[in-house]
Amino acid sequence: MIGNSTNGLKRTTVGAIGNLFSVSGLFNYWRIDARTNPTSTTPSFVPIEAPDIPGYTFAFWLAPASDHAYYSHVDNPVSKKTGVWTSIPNGDTTPRAFHIYAMYVNSKIA
């Protein structure tokens with residue numbers, strides 16, 4: 001969801017937000033591909049780290065929905081190096097791929 005005081009809230013996609021970011025140069029994002037490695041039916045912790053992008057400062061993590069792994073939460077959403085707690089539907093312990101986006105702000109304004 002995105003919103004402002006003029007138009008209110010609207011649904012959008014990560015791709016639409018990415019197009020806005022690339023046009024203005026104020027924001028940038030990086031897709032991080034990760035993999036669950038569950039050893040039991042309990043939630044698993046997957047470490048993630050945002051890369052450095054010249055001219056941009058890391059801001060936060062954005063976790064889209066996944067068909068295979070359910071995100072419980074990002075452990076520290078404003079830290080470049082953190083982890084994602086995931087749970088697998090129906091207790092399936094098969095490793096699953098997922099992705100998460102590192103969001104950045106132009107260093108001149110951050």
Side-chain angles (χ1 to χ4, degrees):
M1 300 291 275
I2 60 171
N4 60 40
S5 60
T6 306
N7 299 324
L9 289 174
K10 295 181 179 180
R11 276 187 184 267
T12 190
T13 64
V14 172
I17 293 171
N19 289 340
L20 173 68
F21 290 359
S22 63
V23 170
S24 69
L26 295 177
F27 305 100
N28 203 338
Y29 68 96
W30 193 267
R31 178 179 159 162
I32 307 294
D33 292 316
R35 192 162 191 79
T36 64
N37 191 17
T39 55
S40 69
T41 57
T42 60
S44 62
F45 185 78
V46 180
I48 54 174
E49 185 171 359
D52 291 325
I53 296 181
Y56 290 89
T57 301
F58 173 81
F60 61 92
W61 291 99
L62 179 64
S66 170
D67 293 337
H68 304 295
Y70 294 113
Y71 303 105
S72 295
H73 69 277
V74 176
D75 200 45
N76 186 351
V78 294
S79 176
K80 281 181 61 172
K81 189 173 184 177
T82 187
V84 178
W85 286 99
T86 63
S87 60
I88 307 300
N90 302 319
D92 183 1
T93 57
T94 305
R96 305 285 184 177
F98 69 95
H99 58 270
I100 186 167
Y101 292 91
M103 308 303 288
Y104 297 84
V105 177
N106 190 302
S107 296
K108 292 179 183 175
I109 62 167

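Only this structure's heavy atoms are used, side chains among them; waters, hydrogens and symmetry mates stay out.
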Exercise. What pairs of residues pass the salt bridge (Lys or Arg N to Asp or Glu O under 4.0 Å) test when at least one of them lies in residues 43-62, not counting sequence neighbours?
Worked result: D52-K80
Exercise. Any side-chain heavy atom of V105 sitting closer than 4.5 Å to one from Y56?
Worked result: no
Exercise. Quick one: CG on N28 to CD1 on I53, what's the gap to the nearest 0.5 Å?
Worked result: 4.5 Å
Exercise. Can you name the closest pair of heavy atoms from V46 and A34 and give their distance?
Worked result: CG1-CB, 4.0 Å
Exercise. In Å, rounded to the nearest 0.5 Å, how long is the span from CE of M103 to CZ of F60?
Worked result: 5.0 Å
For this session: Calculate, to the nearest 0.5 Å, the distance between atoms NZ and OG1 belonging to K108 and T57 respectively.
Result: 12.0 Å
Problem set entry | Minimum heavy-atom distance F45-D75, with the two atoms named | CE1-CB, 3.8 Å
Exercise. What pairs of residues pass the salt bridge (Lys or Arg N to Asp or Glu O under 4.0 Å) test when at least one of them lies in residues 25-34, not counting sequence neighbours?
Worked result: R31-D33
Exercise. Considering all heavy atoms of both residues, which atom of P77 and which atom of F58 are nearest to each other, and what is their separation?
Worked result: O-CZ, 4.1 Å
Problem set entry | Full working for side-chain contact (heavy atoms from CB on, under 4.5 Å) between W61 and I32 | CA-CA 10 Å; W61 291 99; I32 307 294; 3.6 Å; yes
Exercise. Within a strict 4.5 Å, meaning less than it, do heavy atoms of the Y104 and W30 side chains meet?
Worked result: yes
Exercise. Is V84 close to I100 at the side-chain level, that is, under 4.5 Å between some pair of heavy atoms?
Worked result: yes
